[in-house]
Amino acid sequence: MPELPEVETIRLQLAPALEGRRIDGVEVRDARWSEPAPPEAIDDALRGRLIEQVARRGKYLIVSLGDDVHLVMHLRMTGNLLLIEGAEHPPLHTRVAVQLDDGRRLLFVDVRRFGTGDVLLGSDALAEYFESRLGVEPLSADFTSEALRAMARGRKQPVKAFLLNQERIAGVGNIYADEALFRARIHPLRSVGTLKRDQIEALRAGVVESLELGIDSKGASIDDYRHLDGARGSFQDRFLVHTRAGEPCPRCGTPIEKLRAAGRGTYVCPNCQRRPRVRRR
DNA sequence: CGCCCTGTTGGGGA
DNA sequence: ATCCCCAACAGGGC
């Protein structure tokens, strides 16, 4: 059993990664392990350990290994995690390959290199990592109207920025936020602190419903099938307003409009989701 | 062919 | 708190 490195948190920079190495003939460019941990420390932390549990928190994946070692990964926008057979050729843009003892490999593939990975030593380090980053799980019993109202109270922030902030509600992305707001009939630029009690409840329900659209009948996220041809199209078809500028609102027929909120492309029905009095840009 | 814009995210700086 | 930019690419419009 290898000795644990002294550092408590190892930054495993998946993007870029593994300078100067080739993975089955696939060249990996501009790669390096970032400070403070040298590659040997990463190897030592992972080598010989059993995968005991795979979990999710917000948009993070957690692979828990023996001796309280945790590999925490984020796919960001284009990342993908693949399990391949030993003889299989890793796809282009493979950044990190973890060799498993049965001959298979776990690949982190990411065209844009936004994805991240951290090796955390100990459950305290793991808890701390998420405490500073993530708020309530919206699909848990803790996500009540009361909790949402308490978080929103007094804030002038546009409601869309509030939803995208992972430190309060974990896991709501751009597409999901638009869907939740459309369902709740709330304009994304509305100040979150001004929402009435019934709007807060509608927003809570909208968030839950939008997230459920991303889960298929087997309980797996539809994002699990991203790499399969055609999955992407059917995924987007589930959402009513996102990327549908010009198309008629499914509720009232008014053309969907595109605007910018919280720095992201944002889609609304201008009739169902009334603009706040004070315009902002 | 080149330039410009956009983007399933999050972090840092002004 | 809030806006803006950036990371590193692909893909589409012009």
Side-chain angles (χ1 to χ4, degrees), chain A residues 9 11-19 26-32 34 56-61 72-81 91-96 108-118 129-130 132-135 151-180 188-194 207 210-211 213-215 220-228 231-246 258-267 276 278-281:
Chain A
T9 299
R11 186 71 190 183
L12 173 72
Q13 184 126 12
L14 298 172
L18 303 175
E19 169 143 46
V26 176
E27 185 179 0
V28 181
R29 296 163 295 168
D30 299 326
R32 62 185 164 76
S34 66
R56 175 197 64 79
R57 176 85 168 87
K59 301 177 191 173
Y60 293 84
L61 297 166
V72 176
M73 292 173 281
H74 195 302
L75 301 178
R76 296 288 184 100
M77 292 171 74
T78 52
N80 209 347
L81 210 51
L92 195 63
H93 308 307
T94 294
R95 308 303 178 188
V96 167
F108 194 104
V109 185
D110 186 3
V111 191
R112 282 177 81 179
R113 309 184 188 216
F114 285 5
T116 61
D118 293 279
Y129 186 89
F130 291 126
S132 63
R133 289 174 169 80
L134 299 181
M151 288 188 282
R153 188 174 300 140
R155 296 190 184 283
K156 296 177 179 174
Q157 197 177 30
V159 59
K160 171 131 180 186
F162 174 86
L163 289 176
L164 293 179
N165 184 344
Q166 304 296 301
E167 294 170 24
R168 280 184 253 287
I169 306 170
V172 179
N174 196 31
I175 293 176
Y176 298 88
D178 280 2
E179 181 75 13
L189 296 181
R190 266 292 291 279
S191 176
V192 68
T194 68
V207 166
S210 74
L211 292 177
L213 290 178
I215 301 172
S221 166
I222 195 71
D223 287 346
D224 292 347
Y225 309 119
R226 274 201 292 208
H227 60 289
L228 301 177
R232 182 96 183 95
S234 60
F235 167 67
Q236 282 200 326
D237 288 347
R238 301 179 182 203
F239 295 88
L240 299 175
V241 291
H242 195 81
T243 65
R244 295 185 183 279
K258 180 180 183 181
L259 53 98
R260 192 156 281 270
R264 303 289 193 253
T266 301
Y267 298 81
V278 182
R279 278 204 174 193
R280 33 165 75 232
R281 39 169 23 265

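This structure is a prediction, so every number in the text was calculated from the model and none was measured. Labels below follow one simple rule: chain letters A, B, ... track the order of the sequence lines, proteins then strands, and each chain is numbered from 1.
Looking at Lys258(A) and Thr266(A), their side chains never bring a donor and an acceptor atom within 3.5 Å of each other.
Once the 5.5 Å centre distance and the 30° plane angle are applied, the aromatic ring of Phe114(A) is found stacked with the base of dA7(C).
Between Arg264(A) and Asp178(A) there is no salt bridge, since none of the side-chain N atoms of the basic residue sits less than 4.0 Å from a carboxylate O of the acidic one.
For the pair Val111(A) and Arg155(A), nearest-nucleotide mapping onto DNA chain C gives the more 5' position to Arg155(A).
Comparing the C1' positions of dA7(C) and dG2(B) gives an interatomic distance of 23 Å, to the nearest angstrom. Spacing between dT8(B) and dT2(C) at atom C1', rounded to whole Å, works out to 24 Å. Distance noted for atom P between dC4(C) and dT6(B): 13 Å (whole Å).
A close approach under 4.0 Å does occur between a side-chain nitrogen or oxygen of Lys59(A) and OP1 or OP2 of dG10(B). Applying the 4.0 Å criterion to OP1 and OP2 of dT9(B), one finds that Gln166(A) has every side-chain N and O outside that range. Contact check, Lys258(A) against dG7(B): a side-chain N or O comes under 4.0 Å of OP1 or OP2. Between Arg113(A) and dA7(C) there is no side-chain polar atom (N or O) within less than 4.0 angstrom of OP1 or OP2.
Leu75(A) and Asp110(A) get closest at one heavy-atom pair: O-OD2, 4.4 Å.
Listed nucleotides: dT2(C), dT9(B), dA10(C). Nearest to the side chain of Lys156(A): dT2(C). The side chain of Ile175(A) has dT8(B) as its nearest neighbour among dT8(B), dA7(C), dA1(C). In this structure, the nucleotide among dC9(C), dT9(B), dT6(B) sitting nearest to the side chain of Arg260(A) is dT6(B). Candidate nucleotides dG7(B), dG11(B), dA10(C) were compared by shortest atom distance to the side chain of His93(A), and dA10(C) ranks first.
Donor-acceptor pairing under 3.5 Å, judged by distance alone, is present between the side chain of Arg264(A) and the base of dG10(B).
If you check every strand for non-hydrogen atoms under 4.0 Å, Tyr60(A) touches sugar and phosphate atoms only. No contact: Gly263(A) has no heavy atom under 4.0 Å from any strand.
Base pairing of dT8(B): no nucleotide in any strand meets the Watson-Crick or G-U wobble criterion (both distances under 3.5 Å).
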_Please determine whether side chain to side chain contact (heavy atoms under 4.5 Å, CB included) holds for the pair Arg76(A) and Thr116(A), giving the CA-CA distance in whole Å, both sets of side-chain angles, and the decisive distance to 0.1 Å._
CA-CA 8 Å; Arg76(A) 296 288 184 100; Thr116(A) 61; 4.0 Å; yes
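Taking the six-membered ring for Trp, Tyr129(A) and Tyr60(A) have ring centres closer than 6.0 Å.
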